[in-house]
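One structure is given here, and the rest of the page talks about it.
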Amino acid sequence: MAAPMLIRGSPFLRFRPAARLLGLPRVTFCSAAPSEPTQPEEKLSSADNNTTTLLTVKEPPKYHRWADPDYRKWKDKEDEILRDIEPILFLAKEILHSRRYMDGERLTADDERAVVEKLLAYHPHSEDKIGCGLDAIMVDRHPQFGHSRCLFVVRTDGGWIDFSYQKCLRAYIRDKYPSHAERFIREHFSRGSG
C-alpha cells in the first residue's frame, strides 16, 4: 500500500516515460556517474527548436597568474618571508593565547630573550617602550581592552607599558624585505595598526 502512495506522490516518477518520448535527456540525481557521457558543451533543443544550453561542463580553471614570472617571484618571496617570521610569530601567539603564561606572569629567560631580540628590537618606538631600562617582559590583559592579552615591557623603575608584536613584525618585514613588504603586510596582516 505504501509503494503506490510514493509513486503517486512523486511527480518525477510519473512523467519519466513522457520525458523520454519528448527526447529530453535522462538526468541521474543520486548517482556518482552520469547516465550519459557529457560533452565539453552539450546543447539540447527544446520542442520549438530554440537552442538552449542545459548542461555545460567547463574545463578546470587555468591559473594564468602562475605562468607570469613576476607573480611566481612574488609567491617565492612570500614563502620566504613566511618561513622567516613563522617561528617568532608562533612563539608570540603561543605566549599570548595558550595557558603557558597566566595574566601578570613574566616570561622565562629563553622566551624573553627571543621576544626582545626578534620582536621588541624592531618596534618603531622601542627606545620609548624600554625607557630607563628593561627589567622583564610580561603577559597581561590590556588596560583599555580587557578581553585581549598583550606583551608588556617591565621597566627597571617598576613601570610597564604594552607593545604590539604585530607592529614589531611589520617593522621587521619592512626592514628586511623593503620591495615586498607593503604587499605582504596588506595580504597577511588584517589590522592597520602600524
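Small disclaimer: the values here were computed from a predicted structure and weren't measured. All residue numbers refer to positions in the sequence shown, counting from 1.
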Under 3.5 Å donor-acceptor, [X] side chain and [Y] backbone:
X	Y	result
Glu112	Ala109	no
Tyr101	Thr108	yes
Lys129	Asp162	yes
Ser126	Tyr122	no

Rounded at 0.5 Å granularity, tell me how far [atom1] in [X] sits from [atom2] in [Y].
X	Y	atom1	atom2	answer
His123	Tyr165	NE2	OH	13.0 Å
Lys118	Ile85	NZ	CD1	12.5 Å
Arg100	Asp111	CZ	CG	4.0 Å
Ile81	Tyr172	CD1	OH	9.5 Å
Glu94	Leu89	CD	CG	11.5 Å
Leu119	Ser164	CG	OG	9.5 Å

Treat each ILVMFWY residue as a node, draw an edge where side-chain heavy atoms are under 4.5 Å apart, and state whether [X] and [Y] are in one component.
X	Y	result
Leu169	Ile185	yes
Met138	Leu107	no
Leu134	Val115	yes
Leu91	Ile173	yes
Phe152	Phe163	no

Open item on the list: For Lys77, give me all partners under side chain to side chain donor-acceptor pair (under 3.5 Å), at least two apart in sequence or on another chain.
Closed with: Glu80
TODO: Can you label the angle between the His142 ring and the Phe145 ring as parallel, tilted or perpendicular, going by 30° and 60°?
DONE: tilted
TODO: Go through the steps to decide whether Glu182 and Arg186 satisfy the test salt bridge (charged side-chain N to carboxylate O under 4.0 Å, His left out), and finish with yes or no.
DONE: CA-CA 6 Å; Glu182 295 309 316; Arg186 187 174 53 249; over 6 Å; no
- [ ] Would you list the pairs meeting salt bridge (charged side-chain N to carboxylate O under 4.0 Å, His left out) in which at least one residue belongs to residues 130-146, sequence neighbours left out?
- [x]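 Qualifying pairs, neighbours excluded: Asp103-Arg141, Arg106-Asp135.
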Open item on the list: Is any side-chain heavy atom of Ile95 closer than 4.5 Å to one of Leu151?
Closed with: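 Yes. Closest side-chain heavy atoms under 4.5 Å.
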Open item on the list: For a 4.5 angstrom cut-off between non-hydrogen side-chain atoms, does Glu187 reach Trp74?
Closed with: yes
Open item on the list: On a heavy-atom basis, which atom in Arg149 and which in Ser98 lie closest, and how many Å separate them?
Closed with: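 Smallest heavy-atom distance, with atoms named: NH2-O, 4.1 Å.
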TODO: Could you pull out the closest heavy-atom pair between Cys132 and Arg155, with the gap in Å?
DONE: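 Of all heavy-atom pairs spanning Cys132 and Arg155, the closest is SG-CB, 4.2 Å.
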Open item on the list: Quick test of your reading of the model: are Asp76 and Arg72 salt-bridged, counting only N-O distances below 4.0 Å?
Closed with: yes
- [ ] Output yes when Arg83 and Glu86 qualify as a salt bridge under the 4.0 Å nitrogen-oxygen rule, no when they do not.
- [x]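 Salt bridge: no.
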Open item on the list: Is the distance between the ring centroids of Phe184 and His188 under 6.0 Å?
Closed with: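 Ring centres of Phe184 and His188 closer than 6.0 Å.
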- [ ] Apply side chain to side chain contact (heavy atoms under 4.5 Å, CB included) to Glu117 and list each qualifying residue two or more places apart in sequence or on a separate chain.
- [x]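 Result, side chain to side chain contact (heavy atoms under 4.5 Å, CB included) vs Glu117: Arg113.
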